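Everything quoted here is computed from the prediction, not taken from an experiment. Numbers restart at 1 for each chain; the letters A, B, ... are given by sequence-line order, proteins then strands.
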Amino acid sequence: SLTEKLNAVFKKVTGRGRLSESNIQDALKEVRLALLEADVNYKVVKKLVEDIRVRAVGQEVLESLTPGQQLIKIVNEELTRLMGEANKGLQFVGRTPHALMLVGLQGSGKTTTAAKLARHLRKHGRQPYLVPADIYRPAAVDQLEKLGAQINIPVHPTDLGKKPEDICLEALSMAGKASADVLIIDTAGRLHIDEGLMAELVRIKQRINPAEILLVADAMTGQDAVNVAKDFNAALDITGIILTKMEGDARGGASLSIKAVTGKPIKFIGVGEKIDALEPFHPDRMASQILG
Amino acid sequence: FLGKKEITPDVLDELEEVLFTSDIGVETTQELLNSIREKVARKELKDTEKLKAALRDHILSFLDIPRQDRPGPASGEPLVILVVGVNGVGKTTTIGKASHHFRSQGKNVMLVAGDTFRAAAEEQLSIWGERVGADVVKQAAGADPSAVVFDALTAAISRKSDVVIIDTAGRLHTKTNLMEELKKIYRVTAKRLPGAPHEVWLVLDATTGQNAISQANLFNEAIGVTGIILTKLDGTAKGGIVVGISHQFRIPIIYIGIGEKVEDLRPFEPKEFVKAIFD
Ligand SMILES: Nc1nc2c(ncn2[C@@H]2O[C@H](COP(=O)(O)OP(=O)(O)OP(=O)(O)O)[C@@H](O)[C@H]2O)c(=O)[nH]1
Ligand SMILES: Nc1nc2c(ncn2[C@@H]2O[C@H](COP(=O)(O)OP(=O)(O)OP(=O)(O)O)[C@@H](O)[C@H]2O)c(=O)[nH]1
Ligand SMILES: [Mg+2]
Ligand SMILES: [Mg+2]
C-alpha cells in the first residue's frame, strides 16, 4: 500500500520532526506513481503532487504519526478536497415534467443507469418516465423497455423512424399523459470526437431544456477520461457525473481526472448490474479507494 | 543537425509523458525507459531520433507474441470461439463483425446467445445474426448459459457449421461466482466437442486504464485466453494497456475494433499501433 511505501521512504530519512523539501522528494515520487497506477490523468497528477508538496513542506509531523502517515494524511485531504464536497443529489427546479439526460461513450452503462435512476427517483416519491432515445444500437429500445418492465416504470414508445430530438420532444408532451414528473432520457453511446452525434445531443438539449445532463463514465477508464469529459462538458455544460462499474477492483482515478477537468460533481456510482445497484457518491471514500 | 537533438533529461520526460498518457502503465513504462536509459549510458544511442526508434522497437518486441500453436478443429468439426470480457467492452458487436468476416470467406457461421442475463442481449445478437447471415441459437432469458452452449454445439455439429462463436455476458473478473459460471461454460464446451473452444477471445476496451491488467490476469487464469481484441480504437484512447498485457501474459492481440459498423474490425498491425502512440 502507499502508506507502507511512504513509511519505507521515510525510514531512510533522519530528523523526523518536520517534513522538509529533501525528505519528501522520494516520498512524492511514490505518491505520483501510486496516482498514475490508479489511472489518474498524467497532468492532473503533476498538479496534484505539486499542491501536496507545497502543503507538506515545512509541516510539523504530529506526535502520534510517522512522517509517512503525516504525508498520507495530507495526500488524503488534498484528494478529498479535489473530489468535492458530498454531493447534493439531483437538482430539479422549475415546472414539471423535468428532464434528465444521460450521455457518454459507448458501453459506459447509460441504459442500465437510466433504469437505476428511475427506480431511485420513484423510491424518493417521483413519477419517472423512461425515454429510449438510442435509435442506432441493435435492440437498445428493447433493452430499456425490458428494464422498465422489470421495475414497472412506463417507457416511451420510441419510433425508430424518428430523430432522437423529436422523440424526446414527443416524450415530453406524453409524460404529462403518463402523469410523470421526470423524464429520464437514455441517449446512444457516442465518441466525444463525433461532431455529428455531439451536435445531436446539443439539439436534444435545446429542445427539451433538461434540468440535469449527466455524463455516465466507466470507473475503469484510463488517461482518456480527461479528453472525454472535457469535450462532453464543453458541448453540453453537464450538470454532473455518474461513475459506473465501481464495485470491481478498478482504482477509479478517472473520477479525479473528470472532476479536475470539468469541476462538475459526481452524483452517483453504479455498483452492480442489477437495477438496485446505485449509490450516492462519497468523495472521501473515493479518495481512499484511489490511494488503495 | 536537423532532428539530431542531444538526449537531455527533458527528452526522457517527454517520452515518459507519451507512454503514460497512452495508458502503457507505470511498470511497463519504467521497464521500457530503463532499457533506453541503459543504452544511453552505454553511449549506444546518441540522438533523440535514434532514441525514439529504439523505444518504438522495444515496444514492438513486447507486442510480438506469436499466436498459440493449438490444434484447430478436426475436419468436419466447427471452429469454436468463446468471447469473454467485462461489461460493455464490445463483445457482442465484435462477434457481429467477426461473423461478417467469416461469412465473406463463404463460411457458415452459428452464433450462440450465451448472455442469458442482460436485458435484450439475445435480441441484440439476433439482429447481428440477421445482418450477416448467421444462425443464432438462443433460449429463454435466464436459461443456464452452459445449457444454451451445449445445445448450440449439438446443432452446429449436425448442421455442419464452419464457425461457432459463443457470446457470453459481460462480467467483472472480480466476481467469483460469475467467473465460476464462465469456467463451467468452458468445461461444457470442451465436453461437447473435445478440443473446443479452439479460441478464447478476451475483449478489452481501448479506453480502459490499468484495470485491464487485472482483467487479463483473471480471465487468463480462469479459462486461458488465446487472443485479445482491442475495441474502440476509433476514439482518442491509445489502448497502451495491451503492451504490458501482451508481454506479461504472452497473449497476442489479433483484431482491433475501429467503429460500430459491421466492417469496423481490422487485424492488429503492431507497427501502425505503435506509430499512433507517438503521433
Ligand atoms: N458490473 C457492473 N456492470 C454495469 C454497471 N452499470 C452497467 N453495467 C453493465 O455494463 C454493460 C453496458 O451497459 P449499458 O447500459 O448497455 O451501457 P450503455 O452506455 O447504454 O451502452 P451503449 O448504449 O452501447 O453506449 C451492461 O452489461 C450492464 O449490465 C455497474 O455499475 N456495474
Ligand atoms: N466506437 C466504437 N464503439 C464500439 C466498438 N465496439 C463496440 N462498440 C460499441 O460499444 C457498445 C457496447 O457494445 P456491446 O457489443 O454491447 O458490448 P458487450 O461487451 O457485448 O456488452 P455487455 O454484453 O453488456 O457486456 C455498443 O454501443 C457498441 O456499438 C468500437 O470498436 N468502436
Ligand atoms: Mg445504451
Ligand atoms: Mg454483449
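For NZ of B:Lys183, the number of neighbouring non-hydrogen atoms (other residues, nucleotides, ligands) closer than 6.0 Å is greater than 12.
When every heavy atom of A:Gly189 is checked against every heavy atom of B:Glu260, the shortest pair comes out as O-OE2, 4.2 Å. Between B:Gln124 and A:Ala139, the closest heavy-atom pair is N-CB, 3.7 Å. Heavy atoms only, all atoms of each residue included: B:Gln210 and A:Leu36 are closest at CG-O, 4.4 Å. Looking at every heavy atom in both residues, A:Gly222 comes nearest to B:Asp23 through CA-OD1, 3.5 Å.
At a 4.5 Å heavy-atom cutoff, the contact between A:Ile193 and chain B is made by side-chain atoms alone. For A:Arg137, the part lying near chain B is the side chain, with the backbone staying farther off; criterion is any non-hydrogen pair under 4.5 Å. Using a 4.5 Å cut-off between heavy atoms, B:Glu27 does not touch chain A at all. Only the side chain of A:Leu191 comes within contact range of chain B, with heavy atoms under 4.5 Å apart.
Residues of residues 173-182 of chain B lying within less than 4.5 angstrom of chain A, judged on heavy atoms, are B:His173, B:Thr174, B:Lys175, B:Leu178 in numerical order. Below 4.5 Å, heavy atoms of chain B meet heavy atoms from A:Tyr42, A:Lys43, all part of residues 40-52 of chain A. Within residues 101-115 of chain A, the residues having any heavy atom under 4.5 Å from a heavy atom of chain B are, by residue number, A:Leu105, A:Gln106, A:Gly107. Among residues 141-149 of chain A, the residues having any heavy atom closer than 4.5 Å to a heavy atom of chain B are, in sequence order, A:Asp142, A:Gln143, A:Lys146, A:Leu147.
Between the OG1 atom of A:Thr221 and the CG atom of B:Asp205 there is a distance of 7.5 Å, given to the nearest 0.5 Å. Put simply, CD on A:Gln223 and CG on B:Leu19 are 11.5 Å apart, with the number rounded to the nearest 0.5 Å. To the nearest 0.5 Å, the span separating OG1 on B:Thr208 from CE on A:Met220 amounts to 4.0 Å. Remark: B:Asn87 CG to A:Thr244 OG1 distance equals 8.5 Å, nearest 0.5 Å.
Within the 4.5 Å cutoff, no side-chain heavy atoms of B:Gln215 are placed close to those of A:Asp249. Counting heavy atoms from C-beta outward, A:Glu247 and B:Leu172 have side chains that approach closer than 4.5 Å.
For the residue pair B:Asn211/A:Asp39, the side-chain donor-acceptor check at 3.5 Å is not satisfied. Between the side chains of A:Asp224 and B:Thr207, no donor N or O sits under 3.5 Å from an acceptor N or O.
Using a 4.0 Å cut-off between charged side-chain N and carboxylate O, B:Glu16 and A:Arg32 make a salt bridge.
Contact count against chain A (heavy-atom pairs under 4.5 Å) is highest for B:Gly209 among B:Gly25, B:Gly209, B:Gly90.
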